[in-house]
Undergrad: 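Following this message is one structure expressed as structure tokens.
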Amino acid sequence: MRRLSRWRLTADDREIRRLAVPAFLALVAEPLFLLGDAAVVGHLGTEELAGLGIAATVLQTLVGLCVFLAYGTTAGVARQLGAGRRAAALAQGVDGLWLAVLIGVPVTVVGILLTDPMVAAFGPGAAVAHEAETYLRVALLGVTPLLLMLAATGVLRGLQDTRTPLVVAVLGNVANLVLNVLLVYGVGPVPRLDIAGSALGSVLAQVGSAAALVLVVVAAARREGASLRPDAPGIRSAGRAGVPLLVRTLTLRASLLVTTYAVVLTADATSDEAVPIATHQLAMTIWGFLAFALDAIAIAAQAITGRHLGAGDVDAARAVTRRMVGWGVVSGVVTGLALAAASPVLGILFTSDDDVRRALVPVLLVAALAQPVAGVVFVLDGVLIGAGDGAYLAWAGLAVLCGYAPLVLGAAVIADDWVGGGLPWLWAVFGVVFMGGRYLTLTRRAAGDRWLVTGAAR
């Protein structure tokens, strides 16, 4: 009976579930509806779809680099909340909203001015470039709303509310899909705008979603008597806190880019270079989708860790960290087993190329083995973000990148001599060196005490 009692849900488990489940559903909503956007534009033609792909890559990069607006705000607000300073928490959240505007407006202006060279950097043909430029010029108008959505979502997560962002994400993406159909093809009095209509529909949905989230934050701030005016010191503080998280994000993206470059090097030595590149893209897409399940626990970790440290309760922070790491391991094992079991059939869902289908199976099996490690890595990343330990995460990310890049590139050079082809071995290097390096740096930090800084501010 004692053994069975260990598996009963504790209060920490219930809180983790309360925050993680809505966070997971909100995370999954975005890529699922992006597939709907692609389906709408895809029926216009191949050139339009290719143009959407290029423009979406630019937008996702610009917005993805600003994810610190959500992460940093979550940690800061949660600390203030834990210290019993709800008004200060919301004031800090408002500072994050103003920072989003100060970043978003110039990025929008510069992005529109540099649309042509950004698209040209991908080297598309004239027809595809025209479609990409048309979409991107309109879609860039949604950058500021997207950044406001990040910041407002961070505020609500810090306040231990992941349900409101979920509701807004679902409604906003449904509106996005409906507006895309109306504006792309033209229905009744609505004119047909082709690919520009897809961009405009997305912008309108983003404006509506941002307005809804900001209104929720503003209403909460007014109830607590927090100022809505821009506070220069507060905005500067939010900016400084975001710099290490920006560096962390850059190191992660650089590591993924280096991996893709290594795959291209390996592909050059094959008879059909498109097969390993396409296989890697599918494997990375599946890996990214599974990461949402693990990221949901990391989001809960940000909110809960920040609140406990803000309240000065180090023991609770350590206890819930151990529990979340346990959930990370369990989630990683489950996703790993599911991926291994589904590996023979997943290729059928994505491609009709038999060579890609066959090549995908061993890569997915390697990726499945790395899932439990990824579960721990994602959770501890969230714990340290919630603790405001961004500086360590930035330095650790740089260290892992410097160790991983030469090894994976070296592996690519000799991969054609390895049994079974180079791609599974490159993914093995990705799992052992990159994910293993992150595991070592994060577990080492979590085992110590330097991240356990208590109080309303770090």
Undergrad: Heavy atoms, side chains only, cut-off 4.5 Å: are V363 and H280 in contact?
TA: no
Undergrad: If you define the side chain from C-beta out and look only at heavy atoms, does anything of S227 sit under 4.5 Å from V94?
TA: no
Undergrad: Any side-chain heavy atom of L59 sitting closer than 4.5 Å to one from L146?
TA: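 No, their side chains stay 4.5 Å or more apart.
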Undergrad: Side chain of T73, backbone of A70: donor and acceptor closer than 3.5 Å?
TA: no
Undergrad: Report the C-alpha distance between V40 and L177 in whole Å, list the side-chain angles of each, state the deciding distance to 0.1 Å, and finish with yes or no for side-chain contact (heavy atoms from CB on, under 4.5 Å).
TA: CA-CA 8 Å; V40 172; L177 187 59; 4.1 Å; yes
Undergrad: Report the residues that fulfil side-chain hydrogen bond (donor to acceptor under 3.5 Å, both in side chains) with Q206, sequence neighbours left out, ordered by chain and then residue number.
TA: none
Undergrad: With a cut-off of 6.0 Å (strictly less than), are more than 12 heavy atoms of other residues, nucleotides or ligands near CZ of R253?
TA: yes
Undergrad: From D231 CG over to R236 CZ, what is the distance, rounded to the nearest 0.5 angstrom?
TA: 8.5 Å
Undergrad: Could you give me the CA-CA distance, side-chain angles and deciding distance for L393 and L442, then say whether side-chain contact (heavy atoms from CB on, under 4.5 Å) is met?
TA: CA-CA 8 Å; L393 292 174; L442 293 174; 3.5 Å; yes
Undergrad: Applying the side-chain contact (heavy atoms from CB on, under 4.5 Å) test to L147, which of V67, T108, V107, L69 qualifies?
TA: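 Single pass found, and it is L69.
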Undergrad: I want to check something: taking the side chain as every heavy atom from C-beta on, are R248 and Y71 in contact at a cut-off of under 4.5 Å?
TA: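 Yes, side chains in contact.
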Undergrad: Do D13 and W327 have side-chain N/O donor and acceptor atoms under 3.5 Å apart?
TA: yes
Undergrad: Checking W287 now: which residues fulfil side-chain contact (heavy atoms from CB on, under 4.5 Å) with it, not counting sequence neighbours?
TA: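 W287: side-chain contact (heavy atoms from CB on, under 4.5 Å) contacts with M284, A367, A370, Q371, A374, W427, F430, M435.
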Undergrad: Are the side chains of F434 and V400 in contact, using a 4.5 Å heavy-atom criterion?
TA: yes
Undergrad: With a 4.5 Å heavy-atom cut-off, do W451 and T305 have their side chains touching?
TA: yes
Undergrad: Find the distance between CG (N173) and OG (S209) and round it off to the nearest 0.5 Å.
TA: 7.0 Å
Undergrad: Between R17 and P22, which heavy-atom pair has the shortest distance, and what is it?
TA: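 Between these two residues, the closest heavy atoms are O-CD, 4.0 Å.
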Undergrad: Measure the spacing between CZ of F24 and CG of L294 and express it to the nearest 0.5 Å.
TA: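 Rounded to the nearest 0.5 Å, the CZ-CG separation comes out at 9.5 Å.
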Undergrad: Could you give me the CA-CA distance, side-chain angles and deciding distance for R318 and R322, then say whether side-chain contact (heavy atoms from CB on, under 4.5 Å) is met?
TA: CA-CA 6 Å; R318 276 219 179 271; R322 287 193 294 269; 4.0 Å; yes
Undergrad: For the CZ atom on R137, are there more than 12 heavy atoms of other groups (residues, nucleotides or ligands in this structure) within a distance under 6.0 Å?
TA: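 Count over threshold, so yes.
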Undergrad: Taking all non-hydrogen atoms of both residues, which atom of P244 and which atom of A394 are closest, and how far apart?
TA: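 Reported closest heavy-atom pair: O-CB, 3.5 Å.
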Undergrad: L401 and A254: which non-hydrogen atoms are nearest, and at how many Å?
TA: CD2-CB, 3.9 Å
Undergrad: If every non-hydrogen atom of S343 is compared with every non-hydrogen atom of L365, which pair is closest and at what distance?
TA: OG-CD2, 3.6 Å
Undergrad: Counting distance only, does the side-chain N/O of N176 pair as donor-acceptor with the main-chain N or O of G172 below 3.5 Å?
TA: no
Undergrad: Check this for me: R85, atom CZ, are more than 12 non-hydrogen atoms of other residues, nucleotides or ligands nearer than 6.0 Å?
TA: no
Undergrad: Does R79 reach the main-chain N or O of G455 with its side chain, forming a donor-acceptor pair under 3.5 Å?
TA: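 The answer is yes, because a donor-acceptor pair under 3.5 Å joins these two groups.
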Undergrad: First locate atom CG of D95, then atom CG of L102, and finally report the distance between them rounded to the nearest 0.5 Å.
TA: 10.5 Å
Undergrad: Within the side chain of S331, is there an N or O that forms a donor-acceptor pair under 3.5 Å with the backbone of G328?
TA: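 No, the answer is negative, given that no donor and acceptor are paired below the 3.5 Å cut-off.
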Undergrad: Test V119 against V58 for side-chain contact (heavy atoms from CB on, under 4.5 Å), laying out the working first.
TA: CA-CA 8 Å; V119 170; V58 174; 5.7 Å; no
Undergrad: Please check this pair: side chain of W98 against backbone of L228, looking for a donor-acceptor N/O pair closer than 3.5 Å.
TA: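 Here the side-chain-to-backbone pair exists.
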Undergrad: Between the side chains of Q160 and R307, does any donor sit under 3.5 Å from an acceptor?
TA: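 Present: a donor and an acceptor within the cut-off.
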Undergrad: Passes salt bridge (Lys or Arg N to Asp or Glu O under 4.0 Å), D381 versus R438? Steps please.
TA: CA-CA 9 Å; D381 196 48; R438 294 189 69 199; 3.8 Å; yes
Undergrad: Taking the side chain as everything from C-beta on, heavy atoms only, tell me whether L426 gets closer than 4.5 Å to T259.
TA: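 When only atoms from C-beta onward are counted, T259 and L426 do not touch, as no gap falls below 4.5 Å.
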Undergrad: How about R222: does its CZ atom have over 12 heavy atoms from other parts shown lying under 6.0 Å from it?
TA: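 At most 12 heavy atoms, drawn from other residues, nucleotides or ligands, come within 6.0 Å of this atom.
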Undergrad: What's the spacing between T74 OG1 and I299 CD1 if we round to 0.5 Å?
TA: 8.0 Å
Undergrad: Would you say T144's side chain and G104's backbone share a donor-acceptor pair under 3.5 angstrom?
TA: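 A pair under 3.5 Å: yes.
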Undergrad: To check you understand the geometry: which heavy-atom pair defines the closest contact between L380 and A446, and what is its length?
TA: CD2-CB, 3.9 Å
Undergrad: Checking the side chain of Y392 only, and the main-chain atoms of T441 only, is there a donor and an acceptor separated by less than 3.5 Å?
TA: yes
Undergrad: If every non-hydrogen atom of G72 is compared with every non-hydrogen atom of L245, which pair is closest and at what distance?
TA: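 Result for this residue pair: N-CD1, 3.6 Å.
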Undergrad: Are the side chains of L256 and L252 in touch, meaning some heavy atoms are under 4.5 Å apart?
TA: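 A side-chain contact under 4.5 Å is absent here.
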